[in-house]
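For reference, the structure is listed below as structure tokens.
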Amino acid sequence: MEFESILLPGIDDKRPLVIAGPCSAETEEQVTATARQLADNGVKIYRAGVWKPRTKPGGFEGIGSPALGWMMQAKKETGMYMSTEVATEKHVYESLKYGIDMLWIGARTAANPFAVQEIADTLKGVDIPILIKNPVNPDLELWIGALERLYNAGIKRLGVIHRGFSTPDKTIYRNLPQWHIPIELKRRYPTLPIICDPSHIGGARNLIAKISQQAMDLNFSGLIIESHCSPDEAWSDKAQQVTPDALKEILDNLVIRDTVQTTEDLSDLREQIDELDNELLQLLAKRMRVSREIGQYKLEHHMPILQTQRYDQILTDRAAQGERMEMSGDFVKKVLEAIHSESVRQQMVIMERAKKNKD
Ligand code: PEP
Ligand code: MN
């Protein structure tokens, strides 16, 4: 897939591209007041949810189409581009009818191929930029599948929004960032614009600045941040919304590191990394050779491949050693688990081969 890098004309490609606005459009006054303040603070693209996916029925499920009218009025007044979330064919038709400039697919919808296909079919032949949030579950292929469905419908102005992944565990985040997932997506599609949603990752105002900075340091193209004229009175997601002035402060304090300039100075260090990776691979291959010899010994002595006690011991000892060497114990455990599983696979090949020869 090849993507167009400019999502909306006239928005310069300086990082970060900023989209801001309330979680939900609530009243005409709230839509307008928030838009005015954001426009005064230099924001060019407005967001507001008009149809709200709620975990349980009975909550505020959005104003629906009349809110699109308020947004278009705010566009007339401020000149900002307008964007909203769509989940069904009807949402798409309504948004297009009112003249909304950009659409996004929410995290719950992105997890459902039927819904994404319905949106894609409705958009066939329409030239409008679409942003696809990551599915709620950490499944990169499902996220890419959603992209492909829209791409195949002829949409070329595509981008993605990283909003974190749901977790049953209590963490400081509302949704775990799992940065490696958007990083892998970027590796596979280098021209795809990736926008971070620190509001839904953090779920709390005080985390937005830090997550935004991390996204910039990871070379994301933009940020989508929930901003409300009176956040404490918001009808949805109030803990994570900030005033337009607080948003401006967050944006003004971001450090945008230049990507081009430092590449040359880095070449020495990168050579070192290449060499170290090479040594690591050779060591791993050597470890696998020893592991195969152990497999052969276990075979000859009728021993099972897996000896849990020994494996436990290895994990605990090495994690502690790793920590003494300034690495996270968790990281060392993960690496060893991966190495161990490859060792077991290789020993299984030896056992199977011996069985085949016997048969
Ligand atoms: C939103 O953007 O307000 C929203 C509902 O987000 P998500 O789909 O990421 O939960
Ligand atoms: Mn929200």
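Values reported hereafter were calculated over all heavy atoms of this structure, with side chains retained and with hydrogens, waters and symmetry mates removed. As the structure lists them, so they are numbered: ligands from 1, and atoms in each ligand from 1. FYI, the numbering just counts along the sequence from 1.
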Quiz item: Under 6.0 Å from the six-membered ring centre of Tyr151 and within 45° of its axis: does the NZ or CZ of Lys156 meet both?
Solution: yes
Quiz item: side chain to side chain contact (heavy atoms under 4.5 Å, CB included) between Met351 and Lys298: does it pass, once the steps are laid out?
Solution: CA-CA 9 Å; Met351 300 267 176; Lys298 286 178 183 164; 3.9 Å; yes
Quiz item: Quick one: does Arg47 get an N or O within less than 3.5 Å of an N or O on ligand 1?
Solution: yes
Exercise. Could you verify whether a donor N or O on one side chain and an acceptor N or O on the other, from Gln309 and Gln313, lie under 3.5 Å apart?
Key: no
Quiz item: Which residue and non-hydrogen atom of the protein lie closest to atom 5 (C) of ligand 1, and at what distance in Å?
Solution: Glu85 OE1, 3.6 Å
Practice problem: Determine the interplanar angle of the Trp51 and His91 rings, folded into 0 to 90°, and report it as parallel if under 30°, tilted if 30 to 60°, perpendicular if over 60°. | Solution: parallel
Quiz item: Which of the atoms of ligand 1 are close to Arg163, meaning less than 4.0 Å from one of its heavy atoms?
Solution: 7 (P), 9 (O), 10 (O)
Practice problem: If you have a sec, work out which protein heavy atom is nearest atom 8 (O) of ligand 1 and how many Å separate them, to one decimal? | Solution: Ala107 N, 2.8 Å
Self-check item: Residue pair Gln272 / Asp268, side-chain donor-acceptor N/O under 3.5 Å
Solution: no
Quiz item: With the Mn ion (ligand 2) as the point of reference, which N/O/S atom of Asp237 is the closest?
Solution: OD2
Quiz item: Is there a donor-acceptor contact under 3.5 Å linking the side chains of Asp237 and Gln240?
Solution: yes
Quiz item: Closest non-hydrogen protein atom to atom 6 (O) of ligand 1, residue and atom name please, with distance?
Solution: Lys133 NZ, 2.9 Å
Quiz item: For atom 4 (C) of ligand 1, what's the nearest protein heavy atom and its distance?
Solution: His200 NE2, 3.5 Å
Quiz item: What's the NE2-the Mn ion (ligand 2)-OE2 angle here (His200, Glu226), rounded to 10 degrees?
Solution: 90°
Quiz item: How about Glu226 and His200: does a side-chain donor come under 3.5 Å of a side-chain acceptor?
Solution: yes
Practice problem: Would you mind running through ligand 1 and noting each atom that sits below 4.0 Å from a heavy atom of Lys52? | Solution: 1 (C), 3 (O), 5 (C)
Self-check item: Interfacing atoms of ligand 1 (cut-off 4.0 Å, heavy-atom, Arg108)
Solution: 7 (P), 8 (O), 10 (O)
Quiz prompt | Atom indices of ligand 1 within 4.0 angstrom of Glu226 heavy atoms, with elements | solution = 1 (C), 3 (O)
Quiz item: With under 30° as parallel and over 60° as perpendicular, where do the rings of Tyr311 and His340 fit, or are they tilted in between?
Solution: parallel
Self-check item: N or O pair under 3.5 Å between Asp237 and ligand 1
Solution: no
Practice problem: Using a strict 4.0 Å cut-off to heavy atoms of Gly106, name the atoms of ligand 1 that fall inside it. | Solution: 8 (O)
Quiz item: If you measure from each heavy atom of Gly49 to ligand 1, is any distance below 4.0 Å?
Solution: no
Exercise. For the pair Phe165 and His162, name the ring-plane relationship: parallel under 30°, tilted 30 to 60°, perpendicular over 60°.
Key: tilted
Exercise. Carefully, step by step, assess Gln37 and Asp245 under the rule side chain to side chain contact (heavy atoms under 4.5 Å, CB included).
Key: CA-CA 8 Å; Gln37 293 171 28; Asp245 284 346; 5.8 Å; no
Quiz prompt | Which of the ligand 1 atoms, numbered from 1, are nearer than 4.0 Å to a heavy atom of Cys23 | solution = 3 (O)
